[in-house]
> 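For reference, the structure I am asking about is given below.
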Amino acid sequence: MTVSGQNTEEDNNESRQKNGTVSHYYEENEIDTYFSSDKVKIPEGGEARFSFRKLWAYTGPGFLMSIAYLDPGNIESDLQSGTVANYRLLWVLFGSTILGLVMQTLATKLGVVTGLHLAEMCHRQYKKIPRLILWIMVEIAVIGSDMQEVIGTAIAIYLLSNKIIPLWAGCLITIIDTFTFLFLDKYGLRKLEMFFGILILVMGVTFGYEYVVAQPDQGELMKGLLIPRCVDCNSAVLLQAVGVIGAVIMPHNLYLHSALVKSRDIDRKKPEKLNEARLYYFIESSLALLVSLIINIFVVAVFAFGLFQKTNSELIEECHSHNNSILIDMANEEFPNNAEYVDADIYKGGIYLGCAYGIAAMYIWAVGILAAGQSSTMTGTYAGQFAMEGFLNLRWSKWKRVLFTRSIAMVPTFCTAFFSQLSDLTTLNDYLNAVMSLQLPFALIPTIAFTSNPKIMGQFVNNFAFFVTSILLSVVIVGINVFFVAQQLIDLDLAIGLQIVVYFVAFIYFVFILYLSLHLYISLGNKKLENHPKILKYVFVPVGESPKNVA
């Protein structure tokens, strides 16, 4: 097997391009990654027509990717959106999912065409210091996402056990069963993908059940979904809209998806095979995100119907009407008996459902959250492994990779759960959303840069319309998330000393974004800058150059 760092790889690609066999960059022998020994074979024939057999062969990576759109952080954002804004932000959720599909399509194209996922390409295209910073940023995003997912799972276990199992113990259970489920892939990649599919089905059934029993207003739902407006929206609603966008598009998900698509056996020497793979992956990703969108709509609609402008005293009265001691005790503990509107989170949302539709609804809600948290922690582990392998070019055995990536995320999560109260954990979710929002440029900019580089993508390079669209979307998304984080900092009212630290970190943050943007600009084919000695020394790595030669 050819090692990725060998100098012959550049010569091989140049020879292939001169002979007209391919126009894009790819490595003749793929790196020994997670799926290299268990690739799914694609059925031959039927190139001229659509084939359900081929679609089934390609089905899997998109649904694993879509789990990030259904993690407990997203579910909590959904229920808060319904509680605060009724149905008025459904169109924001819909638009955010479309934006997510655009960016996931770029990540898919990179993995399919080059045979390298995003982190591996970063290792080849960035200098040592920038790629180490990028790796740290990705790990921060994975840790933030994992903390939300593990905390959400622990809350689900807390609800299911009638508060017998404390949150810290729920975190330990999540850590253990995540390790157990991850080793299921030794029985085959397709079986593991099927297991994730079952977890998505559980979410669809459980949250769908809440939707059916609640029976929200279908007319208002369709208006909120299809009409982009926000009548009588105050600052809280607008801030919630920003939170919806930040919660939907996860930075580490681009790294994950670009790696998952490598699990199919694709002949990269044949452009028609690459076009076929891109088509079927696009269809599969669209179907997967449609499923995730429907599940998210279920959650928003249920809480828009039941909790919008509902007071704490009204909810407590509703609980007492069921004459269930468990629900009454939970409601009295969590909701003050006053005329203020309910401030919802995953735990309080479960109590409300029990009070409104019976205790079975609370347990069914908890099962859905458990499936969401468990599945997303597992895909988060994969994202961390791909990032570590790609950025650092490490080749560890599987159990070492799992142990390392889980430890990075689980240790702070367990400590947080052990030393914090439930109310602190639910507040922590907002800060974690802010942290992950800040990491978005470190996934979006490299993805656009590599897929817009003609020397990497050849005939598959982004066309002008797609490039401009992705740039505009990225600017809007990053701008919205920066606004969201800035608003969070303003609300904190930090001391002067802490403000200085924040401003200094913000300055470094934007300088690094400018650095990545310069790299993106050069990737478009600016030969004058590309060959400038300073640029070659500090910014740009020519396509195909050995990583051993990269400073």
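This one's a predicted model, so the numbers in the text were calculated from it and none came from an experiment. All heavy atoms count here, side chains included; hydrogens, waters and symmetry mates do not.
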> Just to verify, what does E193 make a salt bridge (Lys or Arg N to Asp or Glu O under 4.0 Å) with, not counting sequence neighbours?
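Here the qualifying residues are R190, R264.
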> Does R268 reach the main-chain N or O of L274 with its side chain, forming a donor-acceptor pair under 3.5 Å?
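Such a contact is absent between R268 side chain and L274 backbone.
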> Is there a donor-acceptor contact under 3.5 Å from the side chain of D146 to the main chain of G380?
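No; zero donor-acceptor contacts below 3.5 Å.
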> Residues two or more places apart in sequence or in another chain: which of them pass ring pair (Phe, Tyr, Trp, His ring centres under 6.0 Å) with Y281?
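So Y281 forms a ring pair (Phe, Tyr, Trp, His ring centres under 6.0 Å) with Y58.
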> Could you walk me through whether D71 and M250 pass the side chain to side chain contact (heavy atoms under 4.5 Å, CB included) check?
CA-CA 10 Å; D71 69 2; M250 298 289 186; 3.2 Å; yes
> Would you mind writing out the side-chain donor-acceptor pairs for residues 363-371 within the sub-3.5 Å range, not counting sequence neighbours?
residue : atom : partner : partner atom : Å
Y363    : OH   : N162    : OD1          : 2.6
Y363    : OH   : N162    : ND2          : 3.3
W365    : NE1  : I346    : O            : 3.1

> I'd like to know if the side chain of E389 and the backbone of F386 have a donor-acceptor N/O pair within less than 3.5 Å.
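It does not hold such a pair.
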> With a 4.5 Å cut-off on side-chain heavy atoms, are L93 and D78 touching?
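Contact flag for D78/L93 side chains = yes.
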> List in chain and number order the residues that pass salt bridge (Lys or Arg N to Asp or Glu O under 4.0 Å) with R53, two or more places apart in sequence or in another chain; answer none if no residue qualifies.
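If we apply the salt bridge (Lys or Arg N to Asp or Glu O under 4.0 Å) test to R53, skipping adjacent residues, there are no hits.
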> Nearest 0.5 Å, what's the CZ-CD1 distance between F63 and I67?
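Result: 10.0 Å between the selected atoms.
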> Between I75 and N296, is the side chain to side chain contact (heavy atoms under 4.5 Å, CB included) condition met? List the steps.
CA-CA 7 Å; I75 300 301; N296 282 316; 4.2 Å; yes
> Quick one: list whatever passes side chain to side chain donor-acceptor pair (under 3.5 Å) with S145, sequence neighbours left out.
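With neighbours one apart ignored, the set is E149.
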> Got a list of side-chain donor-acceptor pairs under 3.5 Å for residues 439-451, not counting sequence neighbours?
residue : atom : partner : partner atom : Å
Q439    : NE2  : V435    : O            : 3.1
T447    : OG1  : A443    : O            : 2.7
T451    : OG1  : T447    : O            : 2.7
T451    : OG1  : I448    : O            : 3.4
T451    : OG1  : N462    : ND2          : 2.8

> Please enumerate all residues that pass ring pair (Phe, Tyr, Trp, His ring centres under 6.0 Å) together with F52, with sequence neighbours excluded.
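Expected list: F50.
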> Residues two or more places apart in sequence or in another chain: which of them pass side chain to side chain contact (heavy atoms under 4.5 Å, CB included) with Y515?
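Y515: side chain to side chain contact (heavy atoms under 4.5 Å, CB included) contacts with K127, P130, F512, V539.
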> The criterion is side chain to side chain donor-acceptor pair (under 3.5 Å); which residues satisfy it with H252, sequence neighbours excluded?
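In terms of side chain to side chain donor-acceptor pair (under 3.5 Å), with neighbours along the sequence ignored, H252 is linked to no residue.
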> I'd like to check M121 versus S258 (side-chain heavy atoms, cut-off strictly below 4.5 Å). Are they in contact?
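A side-chain contact under 4.5 Å is absent here.
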> Is the shortest heavy-atom distance from the side chain of T108 to the side chain of R278 under 4.5 Å?
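With C-beta onward as the side chain, the pair stays apart.
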> Tell me, please, which residues at least two apart from F540 pass ring pair (Phe, Tyr, Trp, His ring centres under 6.0 Å).
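Scan of F540 (ring pair (Phe, Tyr, Trp, His ring centres under 6.0 Å), adjacent residues dropped) gives H519.
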> Do M65 and L289 make a side-chain contact, defined as non-hydrogen atoms from C-beta onward lying under 4.5 Å apart?
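They are in side-chain contact.
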> For the backbone of K39 and the side chain of K262, can you confirm whether one donor and one acceptor N or O come within less than 3.5 Å of each other?
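Side chain of K262 to backbone of K39, a donor-acceptor pair under 3.5 Å: no, none is there.
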> List the steps and the verdict of side chain to side chain contact (heavy atoms under 4.5 Å, CB included) for F207 and L70.
CA-CA 11 Å; F207 298 140; L70 294 168; over 6 Å; no
> Could you pull out all residues at least two apart from Y209 that satisfy ring pair (Phe, Tyr, Trp, His ring centres under 6.0 Å)?
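Per chain and number, Y209 pairs via ring pair (Phe, Tyr, Trp, His ring centres under 6.0 Å) with no residue.
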> What do the steps show when you test L134 against L516 for side chain to side chain contact (heavy atoms under 4.5 Å, CB included), and what is the final call?
CA-CA 10 Å; L134 279 173; L516 295 178; 4.1 Å; yes
> Kindly state each residue pair satisfying side-chain hydrogen bond (donor to acceptor under 3.5 Å, both in side chains) with at least one member in residues 284-293, sequence neighbours excluded.
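Checked against side-chain hydrogen bond (donor to acceptor under 3.5 Å, both in side chains) - neighbours excluded - no pair reaches residues 284-293.
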